Undergrad: 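Take a look at the following structure, please.
Here the structure is a predicted model, which is why all the values come from computation and not from measurement. Atoms within each ligand, like the ligands themselves, are counted from 1 in listed order.
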Amino acid sequence: MNIQNNVSLQPFNTFGIQASCKTFIKIEEEQDLQKLFEAGHFDTQFFVLGGGSNVLFTKDYEGLIILMANKGISHFIEGNNIYVTAKAGVVWNDLVWHCIDHNFAGLENLALIPGTVGASPVQNIGAYGTELMNIFHSCQAFDTHTGTFTAFKNEDCQFTYRDSIFKSTYKGRFIITSVTYKLGMKNKINSSYGAINAELAKRNITDPTIKDIAEVVSHIRVEKLPDPSQIGNAGSFFKNPIIDVEVFNNLKQEFPDIVYYPMDVNTVKLAAGWLIESCGWKGKVDGQVAAWKNQALVITNLGNAKGSEIYDTSSKIVNDVFEKFHVTLEREVNIL
Ligand code: FAD
Ligand code: EPU
């Protein structure tokens, strides 16, 4: 095990923030987690990092950063189901395309989401009509309290929109080492998200394959979202707020154009991007920080922003949205 001191985290976060950590270790073999445990490293401050595409470093990290970099994908077939297991350090989009190449259906709507397999259950990643919880079977995780490996089944994970037990009760306790996805042999196409159908029609595709869906989703994403290798960002900075239907009805009277998605009889999800744009933030520049010109929900680093400046801009957005709509935006990005 090679533990390094005073390592720059700039290459390890998609905001491109310059911050350093006191100690750093790259884990390529999950057994090394046991060695870290035995050496007492989990008794002090630590943080697990995958691709760094959902974190904001607002200061130097005074503890141990554990970068999960174990690789490998395997599968077995049972009836009409394929169980694909990928190690935590596998790049998410590589897994998506591995499955498409093998004609395993289920991940195609989640194409091109940055980050790693190990992080995929943490916030129950979702996009274009699919959430991870729909295809998650189980995961293996290392318990930093006991030094043992544990399995979590889907029903153990308390998945909801952008949330799981790994973000709540067990925040900072378990290190996910591999994830098993339950996929289908038959192509079950999900093109329910409006933008997918529109793009399929443009391409004259009437009977799409999973590859078509992944290509169309990737195309839509590239049009709308900034590429982190060019412009630092972490995708949606906030969650779409879920509010009571009665509060919503009042808002709808005042703002008839409000963009929303009914959830159940009691709750409605609002498009945070619309709320933020309505406050004049779309494309707005605040020093070295800006809300993205094509998607106001994405906050970008114009080049030399500090993490604390990005956080301050996000607070201004929270305040403006609250003042206008009396709705509180919750940050999706993990703030450190
Ligand atoms: P990190 O940013 O490294 O970590 C995120 C959190 O997970 C941290 O709390 C970290 O401690 C924890 N974590 C990471 N690995 C492990 C592990 N092995 N075990 C335990 N905890 C772990 N997200 C969506 O859901 N849908 C989208 O459509 C989407 N689009 C995006 C577009 C862009 C351009 C960007 C930059 C981000 C987008 N995101 C999206 C957010 C991000 O890609 C996801 O949250 C992704 O799952 C983060 O993966 P990561 O490996 O980079 O995690
Ligand atoms: N909108 C605006 N102005 C904006 C942005 C959006 O008015 O600047 C309105 C539009 O009406 C648009 C609607 O909001 O049609 C929805 O926008 P979009 O389809 O871009 O989706 P979103 O709700 O803003 C969510 C996820 C994304 C995910 C997309 C596609 C959250 C917080 N974000 O965004 O996930 O890719 O749907 O499914 O749920 C992420 O989590 O990092 C992320 C990018």
Undergrad: Please check whether Gly51 reaches ligand 1 - meaning an N/O of the residue sits under 3.5 Å from an N/O of the ligand, judged on distance alone.
TA: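 There is such a contact, yes.
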Undergrad: Heavy atom to atom 3 (O) of ligand 1, shortest distance: which of Gly50, Ser120, Ser53 holds it?
TA: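 The option holding the nearest heavy atom is Gly50.
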Undergrad: Between atom CZ of Phe159 and atom CG of Leu132, what is the distance when rounded to the nearest 0.5 Å?
TA: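 Phe159 CZ to Leu132 CG: 5.5 Å, rounded to 0.5 Å.
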Undergrad: Say whether Gln123, considering both its backbone and side-chain N or O atoms, lies within less than 3.5 Å of an N or O atom on ligand 1.
TA: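 There is such a contact, yes.
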Undergrad: Look at atom NZ of Lys211 and say whether more than 12 heavy atoms of other residues, nucleotides or ligands are closer to it than 6.0 Å.
TA: no
Undergrad: Ignoring angles and geometry beyond distance, decide whether Asn233 reaches within less than 3.5 Å of ligand 1 through its nitrogen or oxygen atoms.
TA: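 Asn233 vs ligand 1: no N/O contact under 3.5 Å.
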Undergrad: I need the contact residues for ligand 2: any residue with a non-hydrogen atom closer than 4.0 Å to the ligand, ordered by chain then number.
TA: Ala127, Tyr128, Tyr161, Arg162, Tyr193, Arg221, Lys224, Gly235, Ser236, Phe238, Lys239, Asn240, Val259, Tyr261, Ala271, Gly273, Trp274, Glu277, Lys282, Gln295, Ala296, Leu297, Glu332
Undergrad: When you compare ligand 1 with Gly115, is there at least one nitrogen or oxygen pair between them that comes in under 3.5 angstrom?
TA: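 Between Gly115 and ligand 1 (N or O atoms, distance only) the closest approach is not under 3.5 Å.
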Undergrad: Given Asn70, which of Glu28, Lys87, Glu30 fulfils the side chain to side chain donor-acceptor pair (under 3.5 Å) condition?
TA: Glu30
Undergrad: Select one of side chain, backbone, both or neither to describe which atoms of Asn334 lie under 4.0 Å from any atom of ligand 1, heavy atoms only.
TA: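 The part of Asn334 near ligand 1 is the side chain, not the backbone.
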Undergrad: Which atom pairs, one a donor and one an acceptor, fall under 3.5 Å between side chains of residues 329-336 and the rest of the protein, sequence neighbours left out?
TA:
{"from": "Glu330", "atom 1": "OE2", "to": "Lys239", "atom 2": "NZ", "distance (Å)": "3.1"}
{"from": "Arg331", "atom 1": "NE", "to": "Ser314", "atom 2": "OG", "distance (Å)": "3.0"}
{"from": "Arg331", "atom 1": "NH2", "to": "Ser314", "atom 2": "OG", "distance (Å)": "3.1"}
{"from": "Arg331", "atom 1": "NH2", "to": "Ser315", "atom 2": "OG", "distance (Å)": "3.0"}
{"from": "Glu332", "atom 1": "OE1", "to": "Arg162", "atom 2": "NE", "distance (Å)": "3.1"}
{"from": "Glu332", "atom 1": "OE2", "to": "Gln123", "atom 2": "NE2", "distance (Å)": "3.2"}
{"from": "Asn334", "atom 1": "ND2", "to": "Asn54", "atom 2": "O", "distance (Å)": "2.9"}

Undergrad: Nearest protein heavy-atom contact for atom 14 (C) of ligand 1: which residue, which atom, what distance?
TA: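 Sorting protein heavy atoms by distance from atom 14 (C) of ligand 1 puts Ala119 CB, 3.6 Å first.
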Undergrad: Using a cut-off of 6.0 Å, state whether more than 12 heavy atoms not belonging to Glu155 lie near its atom CD.
TA: yes
Undergrad: If you link I, L, V, M, F, W and Y whenever their side-chain heavy atoms are under 4.5 Å apart, who else ends up in the same group as Leu112?
TA: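 Once heavy-atom contacts under 4.5 Å are chained together, Leu112 belongs with Val222.
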Undergrad: What do you reckon, does Val122 have a nitrogen or oxygen under 3.5 Å from a nitrogen or oxygen of ligand 1?
TA: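 Looking only at distances, the answer is no, because the N/O contact criterion of under 3.5 Å is not met.
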Undergrad: Output yes when the distance from some N or O of ligand 1 to some N or O of Pro228 is under 3.5 Å, and no in every other case.
TA: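 No - when backbone and side-chain N and O of Pro228 are compared with those of ligand 1, no distance drops under 3.5 Å.
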Undergrad: Is there a polar contact between ligand 1 and Ile113, counting only N or O atoms under 3.5 Å apart?
TA: no
Undergrad: I'd like to check whether Asn124 has a polar contact with ligand 1, where a contact means an N/O of the residue lying under 3.5 Å from an N/O of the ligand.
TA: no
Undergrad: Give yes or no for whether the N/O distance cutoff of 3.5 Å, strictly under, is met between Gly52 and ligand 1.
TA: yes
Undergrad: Less than 6.0 Å separating the ring centroids of Tyr170 and Phe166?
TA: no
Undergrad: Suppose the criterion is salt bridge (Lys or Arg N to Asp or Glu O under 4.0 Å): which pairs have a residue in residues 270-288, not counting sequence neighbours?
TA: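 Sorted pair list: Glu277-Lys282, Asp286-Lys316.
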Undergrad: Quick test of your reading of the structure: of Arg221, Glu131, Met68, whose heavy atom lies closest to atom 31 (C) of ligand 1?
TA: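 The residue whose heavy atom sits nearest atom 31 (C) of ligand 1 is Arg221.
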Undergrad: Could you check which of Leu112, Thr116, Leu67, Val117 puts a non-hydrogen atom nearest to atom 51 (O) of ligand 1?
TA: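 Residue with the shortest heavy-atom distance to the ligand atom: Thr116.
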Undergrad: Between Trp92 and Tyr181, is the gap from one ring center to the other below 6.0 Å?
TA: yes
Undergrad: Quick test: of every protein heavy atom, which one is nearest to atom 16 (C) of ligand 1, and how far off is it to 0.1 Å?
TA: Val48 CG1, 3.6 Å
Undergrad: Is it true that Phe325 and Phe255 have ring centroids separated by less than 6.0 Å?
TA: yes
Undergrad: Please work out whether any backbone atom (N, CA, C, O) or any side-chain heavy atom from C-beta onward of Trp92 is under 4.0 Å from ligand 1, and answer side chain, backbone, both or neither.
TA: neither
